[in-house]
Amino acid sequence: MKRVLFVCLGNICRSPMAEAVFRDMLKKRGLEDKIEVDSAGTSSWHVGEPPHYGTVNKLKEYNISTEGIIARQLIKEDFDKFDYIVGMDESNVKNIRNLLQQPDHPKIFRFLDLTEYKKDVPDPYYTKDFQETYDLVKAGCEALLNKILEDMEEEGQIL
Ligand code: 4NP
């Protein structure tokens, strides 16, 4: 079993989008009982809220549900619980390291560093471009799933 936590600032735009896209991929590949996924924000600003309507509407276009996803803040316990703690941008990664008091742990990394893009996921709360964010989130989720499956295979975890 592997556990993935996507983290952004508000936990209403980018990280819940990644959670929903990744959850959908796991479901389609029958991996739901092998890999768990969750998301959190570094801030407490939107705790208790569902994802932003821009995220919900963009995902609806792809028949991806955000059901049950509610914003929460990152907590210290998340460090032990999750195997991959994935920041959407460089400032998220910095804030995750500070909040979890883990200055240099390989399980904390920037999402798109797993892809050819090697950049931040633009924040559609400000850009309003949920399509651009969706396209990058999709690419990142595919790369992350491949990495996890490779890691599990290396560790002899039966799939
Ligand atoms: P997110 O986007 O980090 O992708 O959820 C944001 C959501 C809310 C705010 C900023 C970014 N805000 O300032 O409230």
Side-chain angles (χ1 to χ4, degrees), residues 2-27 35-148:
K2 292 288 185 191
R3 294 185 176 86
V4 177
L5 184 66
F6 292 111
V7 181
C8 63
L9 177 59
N11 193 210
I12 55 168
C13 294
R14 293 165 295 171
S15 61
M17 183 185 281
E19 179 183 354
V21 168
F22 201 73
R23 183 170 76 177
D24 183 68
M25 279 181 186
L26 295 177
K27 197 173 161 190
I35 305 173
E36 263 181 33
V37 60
D38 192 8
S39 67
T42 57
S43 78
S44 63
W45 303 338
H46 296 279
V47 168
E49 294 177 25
H52 190 283
Y53 64 87
T55 284
V56 174
N57 289 341
K58 182 50 65 188
L59 293 177
K60 265 192 196 148
E61 290 177 26
Y62 295 92
N63 271 318
I64 297 174
S65 166
T66 53
E67 202 186 331
I69 300 180
I70 296 292
R72 71 170 180 90
Q73 190 173 18
L74 184 71
I75 53 170
K76 266 190 112 175
E77 288 72 21
D78 288 325
F79 182 74
D80 292 323
K81 179 169 177 193
F82 291 93
D83 304 290
Y84 305 88
I85 300 176
V86 188
M88 294 292 119
D89 66 30
E90 202 49 58
S91 73
N92 300 147
V93 170
K94 223 186 247 176
N95 290 331
I96 294 166
R97 289 188 177 130
N98 285 337
L99 285 165
L100 300 181
Q101 296 175 319
Q102 293 291 339
D104 186 28
H105 198 286
K107 75 159 97 166
I108 300 169
F109 57 89
R110 185 173 68 163
F111 193 30
L112 294 182
D113 283 340
L114 296 176
T115 70
E116 68 201 84
Y117 300 108
K118 317 236 178 286
K119 63 174 190 174
D120 293 344
V121 178
D123 192 341
Y125 190 78
Y126 303 111
T127 68
K128 312 289 177 213
D129 189 344
F130 285 85
Q131 185 66 52
E132 176 192 33
T133 295
Y134 173 81
D135 292 338
L136 290 167
V137 162
K138 179 99 198 299
C141 282
E142 278 164 3
L144 179 61
L145 183 55
N146 286 337
K147 174 183 168 48
I148 294 173

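When a ligand or atom number is given, it counts from 1 through the structure's own listing order. What you see is a predicted model, and the numbers here were worked out from it, not measured in a lab.
- The N/O atoms of C8, backbone and side chain alike, include none that comes under 3.5 Å of an N/O atom in ligand 1.
- Between K58 and D129 there is no salt bridge, since no side-chain N of the basic residue sits under 4.0 Å from a carboxylate O of the acidic one.
- Residues Y134 and L59 have side chains in contact (heavy-atom distance under 4.5 Å, counting atoms from C-beta outward).
- The protein heavy atom nearest to atom 12 (N) of ligand 1 is Y125 CE2, 3.3 Å.
- Aromatic ring pairs are classed by plane angle as parallel below 30°, tilted from 30° to 60° and perpendicular above 60°; the pair H105 and F79 is perpendicular.
- Between S15 and ligand 1, no pair of N/O atoms sits closer than 3.5 Å.
- Contacts with ligand 1 closer than 4.0 Å are made by side-chain heavy atoms of D123 only, the backbone lying farther away.
- Residue I12 has at least one N or O atom closer than 3.5 Å to an N or O atom of ligand 1.
- Annotation: atom 10 (C) of ligand 1 to nearest protein heavy atom, Y126 OH, 3.3 Å.
- What sits closest to atom 4 (O) of ligand 1 on the protein, heavy atoms only, is R14 NE, 2.7 Å.
- Contacts between H46 and ligand 1 below 4.0 angstrom, taking non-hydrogen atoms only, involve the side chain exclusively.
- Under a 4.0 Å criterion applied to the non-hydrogen atoms of G10, ligand 1 contributes the atoms 1 (P), 3 (O), 5 (O).
- Summarising the local packing, CD of E67 is surrounded by 12 or fewer heavy atoms from other residues, nucleotides or ligands at distances under 6.0 Å.
- Taking a cut-off of under 4.0 Å to the non-hydrogen atoms of W45, the atoms of ligand 1 that pass are 12 (N), 13 (O), 14 (O).
- Considering only heavy atoms from C-beta on, H46 stays 4.5 Å or farther from N11 through its side chain.
- D89 has its side chain out of reach of V121: every pair of non-hydrogen atoms, C-beta onward, lies at least 4.5 Å apart.
- Salt-bridge annotation for E142 and K138: present, with a side-chain N of the basic residue lying under 4.0 Å from a carboxylate O of the acidic one.
- Summarising the local packing, OH of Y117 is surrounded by 12 or fewer heavy atoms from other residues, nucleotides or ligands at distances under 6.0 Å.
- In summary, the atoms of ligand 1 found under 4.0 Å from a heavy atom of C13, numbered by their order in the structure, are 1 (P), 2 (O), 4 (O), 5 (O).
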